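A short write-up of the structure that comes next.
Just follow the structure's listing: the first ligand is 1, and inside any ligand the first atom is 1. On a predicted model such as this, the values are computed, not experimentally measured, just so you know.
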Amino acid sequence: MGFPKGFVWGAAASSYQIEGAAHEDGKGLSTWDTFCQKAGTIWNGQSGDTACDHYHRYEEDVGLMKQIGLQAYRLSISWPRVVPQGTGAINPKGLEFYDRLTDKLLAADISPYVTLFHWDYPDELYRRGGWLNRDSSDWFAEYVKVVVEKLSDRVKYWITLNEPQCFIGLGHQFGFHAPGDKLEFAEVLIAAHNALLAHGKAIQAIRAYSKIKSQIGLASVGIVNVPATDSSEDVEAARHAMFSVTSKDCWNNTWWTEPVLFGRYPEDGWELFGSDIPPIQDKDMKTICQPQDFLGVNIYFGQRTRASKDGQPEAVPFPVGHAMTAFRFPVSPEALYWGPRFLWERYQLPIVITENGMSNIDWASLDGKVHDPQRIDFLHRYLLELQRACKHGVEVHGYFQWSILDNFEWTEGYKERYGLVYVDYPTQKRILKDSAYWYKKVIASNGATLGKL
Ligand code: IFM
């Protein structure tokens with residue numbers, strides 16, 4: 001009735017969004033540090049300077065994770081905290097923070113899933129061309145080696161890059177995210193190619209230097225098309241749309257997943273992008289396509305899709321008044337069925353849901369508690385769909401709720417609250433939300449309580 005035996009229940013967060021201590025203990029600047037200083041980039045001029053102060057409060061935070069019963073925690077490492085200039089000298093204090101965090105997690109019986117890049121790009125390297133510089137993949141591999149040498153006697157699970165669609169697309173094409181660039185599409189594709197090379201070289205570095213047998217994956221944005229009906233025409237239309245490249249931007253699955261898993265760029269994207277595609281060196285695709293153990297996907301919603309009269313995929317709008325999150329994402333639980341299913345059928349690689357959750361308008365009530373029934377309902381609906389996928393034979397190894405704590409939501413600042421744990425930023429007091437107690441029961445029963453709670 002529940003999830004497969006050994007299914008991993010976790011929650012996730014990322015360094016810049018929770019750590020704070022942006023200018024402490026020798027940390028170098030990241031492009032997010034500098035981007036937040038620019039007027040008009042972030043809601044209310046906020047920044048991750050202090051965030052949840054997790055850098056100083058990690059022990060308390062691991063205690064909260066333990067209280068919820070998390071089996072795994074997906075954290076990320078701040079590259080410039082560990083290597084302040086991006087290459088060269090290591091910052092021992094930065095590395096020691098992650099060392100202590102790892103020990104604390106393991107002592108609490110929580111398995112660390114370590115993301116090596118969740119967007120803290122060293123500002124110094126950005127000045128040397130950033131992802132546009134062909135050397136960027138070697139810079140990244142050098143930093144990965146440092147981290148792996150330190151943590152891999154205890155860390156088994158590694159995630160190379162988080163959401164390349166976002167840090168390249170939003171950061172380099174549309175300028176909404178750090179570093180705030182609006183490059184020509186040909187340059188965007190150079191940055192994308194170098195990021196894919198970085199993924200491949202990171203895997204090579206992990207395999208070369210890990211002290212224990214590791215499990216490695218990417219965390220891609222799961223752009224999901226949900227069939228509008230169960231008819232085979234609509235199912236095929238949704239599948240086709242999910243694996244197509246139809247616009248000159250980074251917002252698709254296959255420009256990222258096919259090089260990584262099949263060793264080639266998708267044909268439709270290749271045709272559409274045409275002369276914008278950068279020269280690709282002989283061994284590049286081999287470097288990018290390294291054996292992986294799982295495919296991580298971050299799934300928040302799906303686009304309803306049907307077959308039009310001529311059989312082509314066609315978007316079906318949600319009805320007026322359809323439920324949505326505070327972030328204005330449509331509530332679409334079926335995304336957690338069809339997304340994993342389509343990805344599994346195409347790539348035959350175990351799936352890990354590396355992020356799923358919702359932003360809600362939460363506050364502490366007069367009774368001192370944080371009641372978030374919408375989040376409970378959201379998670380409940382989505383997890384029932386994930387359970388359905390497992391029952392239908394989709395190999396899903398784990399689920400990470402986004403996020404363990406309310407945190408800095410990039411350009412939205414602290415406006416969006418995604419946490420299982422409420423953070424009162426002025427006092428840094430933490431309060432477990434009702435959803436955290438609910439999730440605890442789900443974890444304890446391996447999902448068997450779903451549909452009953
Ligand atoms: O907060 C982000 C995270 O950093 C990347 N994935 C989506 C989350 C919610 O918007």
Side-chain angles (χ1 to χ4, degrees), residues 10-20 22 30-33 35-36 41-43 46-48 51-52 54 73-79 113-121 159-172 174 176-179 195 217-224 250-251 253 256 295-302 324-332 335-336 339 352-362 372 374-375 378-379 382 398-423 425 435:
S14 86
S15 40
Y16 189 72
Q17 292 180 275
I18 65 167
E19 282 177 4
S30 78
T31 51
W32 271 97
D33 288 313
F35 185 67
C36 290
T41 54
I42 314 292
W43 185 72
Q46 296 172 339
S47 78
C52 308
H54 174 74
Y73 170 52
R74 178 178 168 229
L75 64 118
S76 82
I77 308 257
S78 162
W79 181 353
Y113 278 58
V114 174
T115 304
L116 291 155
F117 183 70
H118 197 129
W119 310 353
D120 330 47
Y121 195 85
I159 290 151
T160 54
L161 308 176
N162 184 67
E163 296 180 347
Q165 290 96 334
C166 291
F167 71 81
I168 298 294
L170 298 180
H172 294 77
F174 297 112
F176 296 146
H177 276 192
L218 170 80
S220 184
V221 175
I223 296 157
V224 177
C250 299
W251 200 248
N253 292 302
W256 310 97
L295 174 60
V297 270
N298 300 348
I299 298 179
Y300 289 85
F301 63 92
M324 51 184 160
T325 70
F327 208 85
R328 298 293 182 259
F329 287 163
V331 176
S332 34
L336 225 43
V352 174
I353 305 300
T354 32
E355 287 180 25
N356 167 250
M358 74 169 282
S359 161
N360 194 36
I361 314 272
D362 301 318
D372 57 343
Q374 285 89 352
R375 183 173 288 102
F378 177 101
L379 295 176
Y382 276 68
Y399 169 87
F400 288 80
Q401 192 275 346
W402 183 272
S403 175
I404 181 64
L405 300 170
D406 289 338
N407 61 50
F408 177 75
E409 179 54 33
W410 309 112
T411 49
E412 305 302 318
Y414 299 94
K415 174 154 58 83
E416 306 294 334
R417 290 186 180 269
Y418 272 96
L420 291 170
V421 177
Y422 179 85
V423 178
Y425 296 107
S435 57

_Below a 4.0 angstrom heavy-atom separation, can you tell me which part of Y300, side chain or backbone, both or neither, approaches ligand 1?_
side chain
_Positive for ring pair (Phe, Tyr, Trp, His ring centres under 6.0 Å) with H177, one of Y121, W119, F35_ = W119
*How far does CH2 of W410 sit from CD of Q17, to the nearest 0.5 angstrom?*
4.0 Å
_For E163, atoms of ligand 1 separated by under 4.0 Å from a heavy atom_ = 5 (C), 6 (N), 7 (C)
*Under 4.0 Å from any heavy atom of Y418, which atoms of ligand 1 are there?*
9 (C), 10 (O)
_Could you check whether S76 and S15, counting side-chain N and O atoms only, form a donor-acceptor pair closer than 3.5 Å?_
yes
If we only count N/O pairs under 3.5 Å, is [X] in contact with ligand 1?
X    : value
E355 : yes
Q17  : yes
W119 : no

_R375 with D362: basic N within carboxylate O range, under 4.0 Å_ = yes
*Should one rank E412, H118, E409 by closest heavy-atom distance to atom 1 (O) of ligand 1, which comes out on top?*
E409
*asked:* Can you list everything that forms a ring-ring contact (aromatic ring centres under 6.0 Å, His included) with F408? Sequence neighbours excluded, please.
replied: Y16, Y414
*asked:* Using the ring-ring contact (aromatic ring centres under 6.0 Å, His included) criterion, which residues pair with F174? Sequence neighbours excluded.
replied: none
